[in-house]
Amino acid sequence: MAAGFKVAEPLEYHRSFLKDNCRPDGRELSEFRTTTLNIGSITTADGSALVKVGNTTVICGIKAELTNPIVEAPGKGYIVPNVDLPPLCSSRFRPGPPAEQAQAASQFIADVIESSEVIQTEDLCIERGKLCWVLYCDMMCLDYDGNVLDACIIALLAALKNTHLPEVTISTETSKPEVNLEKRHGLHIHRHPVGASFCVFDDSILIVDPTAEEESLSTAQLTVVTDDEDRLCVVHKPGGTSLSGEKLQECISRATARQREIQKLIDKVIHSVKTAQ
């Protein structure tokens with residue numbers, strides 16, 4: 001009977017749980033799904049991470065290439081993020097060029113990288129005006145069950161922390177770069193941005209870490225990104241019903257707590273990988 005009700009009246013089905021301050025999957029309104037992390041699993045990448053938030057699964061691989069700095073920023077390297085939502089992760093995505101949601105997610109990640117200053121792009125410059133690193137950060141969703149933005153940020157941050165670049169010197173004789181693959185160094189992670197995504201139900205009820213079904217039934221969505229110094233990096237709200245200042249403050253304080261949880265998780269996983277080596 002419950003299954004029939006869920007299919008026929010999904011919104012009413014969710015409301016019947018929300019009035020008791022819980023959700024169909026048994027979580028409280030402000031409770032995140034179990035988050036797991038694995039790093040360094042793509043051996044062909046310079047850094048990688050696989051993240052699961054509930055069923056939502058995102059893998060991030062980072063490839064570093066040598067290039068010329070752009071004229072406007074001769075002393076900086078750059079970071080190029082790309083989010084892929086292929087048909088394999090959900091029936092909602094079709095084959096072909098990236099759909100609007102994937103493009104919006106890529107732009108959102110680019111905004112997070114820039115506003116949080118997760119990496120100082122000056123650190124990616126090898127010789128001013130001549131040589132720098134470009135980091136291609138590809139995030140692919142393998143299983144889509146809502147809240148893909150949070151999973152992408154965690155995967156990106158963990159993959160950046162796992163990235164090791166070879167030592168590069170410029171030969172005095174040939175003026176060409178010489179790459180020493182034996183000597184590698186990690187990136188200097190300047191800040192640790194972490195996102196917390198929310199959905200609004202019936203214009204008033206806030207829930208955190210929505211599933212795909214909860215996203216589809218909500219009246220608004222919101223992602224708040226904070227860093228390890230409690231700075232607000234990005235507030236992303238694509239349309240929908242407006243939020244009161246009080247509700248927004250609630251989201252920010254939950255996001256700050258989430259930042260600490262995720263940073264602990266990333267540090268723990270990196271530490272366990274180091275001790276295993």
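- Rounded to the nearest 0.5 Å, atoms CG (N147) and CZ (F32) are 7.0 Å apart.
- With sequence neighbours left out, the side-chain contact (heavy atoms from CB on, under 4.5 Å) criterion links S30 to R254.
- By the side-chain hydrogen bond (donor to acceptor under 3.5 Å, both in side chains) test, Q120 is found to be paired with H190, residues two or more places apart in sequence or in another chain being considered.
- In this structure, CG on L18 lies 8.0 Å from CZ on R23, to the nearest 0.5 angstrom.
- For the residue pair C233 and S115, the shortest heavy atom distance occurs at O-OG, 3.3 Å.
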Derivation and outcome, side-chain contact (heavy atoms from CB on, under 4.5 Å), residues L66 and I126: CA-CA 9 Å; L66 290 168; I126 296 157; 3.4 Å; yes
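- Here the rule is side-chain contact (heavy atoms from CB on, under 4.5 Å) with K161, and of V269, D267, V118, L156 only D267 fits it.
- Across every non-hydrogen atom of P81 and S106, the tightest pair is CG-O, 4.1 Å.
- For residues 49-73, there are no side-chain hydrogen bond (donor to acceptor under 3.5 Å, both in side chains) pairs, not counting sequence neighbours.
- One finds the OG atom of S242 at 11.5 Å from the NZ atom of K247 (value rounded to the nearest 0.5 Å).
- The cluster map of Ile, Leu, Val, Met, Phe, Trp and Tyr, joined by side-chain heavy atoms under 4.5 Å apart, puts L206 and V53 in different clusters.
- Here CD1 of I39 is found 4.5 Å from CG of N162. Values are rounded to the nearest 0.5 Å.
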Test log, rule side-chain contact (heavy atoms from CB on, under 4.5 Å), inputs I207 and R27: CA-CA 10 Å; I207 61 167; R27 284 185 289 156; over 6 Å; no
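- Under a hydrophobic clustering in which Ile, Leu, Val, Met, Phe, Trp and Tyr are joined whenever their side-chain heavy atoms come within less than 4.5 Å, directly or via other members, L124 and I70 fall into different clusters.
- For Q221, the side-chain contact (heavy atoms from CB on, under 4.5 Å) test picks out C199, E215, S218, with sequence neighbours left out.
- With sequence neighbours left out, E182 forms a side-chain hydrogen bond (donor to acceptor under 3.5 Å, both in side chains) with no residue at all.
- Taking both residues in full, the closest heavy atoms of A255 and T226 are given as O-OG1, 3.5 Å, listed atom of the first, atom of the second, then distance.
- Placement of I109 and L222 in two distinct hydrophobic clusters is found when ILVMFWY residues are connected by side-chain heavy-atom separations under 4.5 Å, directly or transitively.
- We find the CD1-OG distance between I153 and S197 to be 7.0 Å, quoted to the nearest 0.5 Å.
- At most 12 non-hydrogen atoms from other residues, nucleotides or ligands lie less than 6.0 angstrom from CD of E114.
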Considering only distance and modelled atom types, tabulate donor-acceptor pairs under 3.5 Å from the side chains of residues 128-136, sequence neighbours left out.
| residue | atom | partner | partner atom | Å |
| --- | --- | --- | --- | --- |
| K130 | NZ | E127 | OE2 | 3.4 |

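- Legend: residues meeting side-chain contact (heavy atoms from CB on, under 4.5 Å) with Q103, ordered by chain and number and at least two apart, are P98.
- Closest non-hydrogen pair, E214 versus D209, comes out as OE1-O, 4.2 Å.
- Residues D230 and T256 have side chains that never bring a donor and an acceptor to within less than 3.5 angstrom of each other.
- Cluster membership for F198 and I154, using ILVMFWY side-chain heavy atoms within less than 4.5 angstrom, is not shared.
- Residue L248 is not grouped with residue V225 when hydrophobic side chains (ILVMFWY) are merged at heavy-atom distances under 4.5 angstrom, including chains of intermediate members.
- No side-chain heavy atom of L85 sits under 4.5 Å from any side-chain heavy atom of S90.
- Rounding to the nearest 0.5 Å gives a distance of 9.5 Å between CD1 of I270 and CG of L265.
- By the side-chain hydrogen bond (donor to acceptor under 3.5 Å, both in side chains) test, T35 pairs with R258, sequence neighbours left out.
- The minimum heavy-atom distance linking S41 with S48 is given by the pair N-OG, 3.2 Å.
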Stepwise side-chain contact (heavy atoms from CB on, under 4.5 Å) test for H192 and L157: CA-CA 7 Å; H192 294 73; L157 181 57; 4.0 Å; yes
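- Apart from I42 itself, the hydrophobic cluster it occupies contains L50, I59, M140, L142, where clustering links Ile, Leu, Val, Met, Phe, Trp and Tyr at side-chain heavy-atom distances under 4.5 Å.
- Among residues two or more places apart in sequence or in another chain, the ring-ring contact (aromatic ring centres under 6.0 Å, His included) test is passed with F108 by H236.
- One N or O on the side chain of T219 and one on the backbone of V200 form a donor-acceptor pair closer than 3.5 Å.
- Of the listed residues (I62, D46, L160), just one forms a side-chain contact (heavy atoms from CB on, under 4.5 Å) with L187, and that residue is L160.
- Heavy atoms of other residues, nucleotides or ligands lying less than 6.0 angstrom from NE2 of H185 number more than 12.
- Here the closest heavy-atom approach between residue C89 and residue C141 is recorded as CB-O, 3.2 Å.
- Residues meeting the side-chain contact (heavy atoms from CB on, under 4.5 Å) test with A212, sequence neighbours left out: R92, Y144, D145.
- Within 6.0 Å of atom NZ in K76, 12 or fewer heavy atoms from other residues, nucleotides or ligands are found, so the atom counts as exposed in its surroundings.
- V224 places a side-chain heavy atom less than 4.5 Å from the side chain of L232.
- Taking Ile, Leu, Val, Met, Phe, Trp and Tyr as hydrophobic and joining them when side-chain heavy atoms fall under 4.5 Å apart, one finds L88 isolated, its cluster having no other members.
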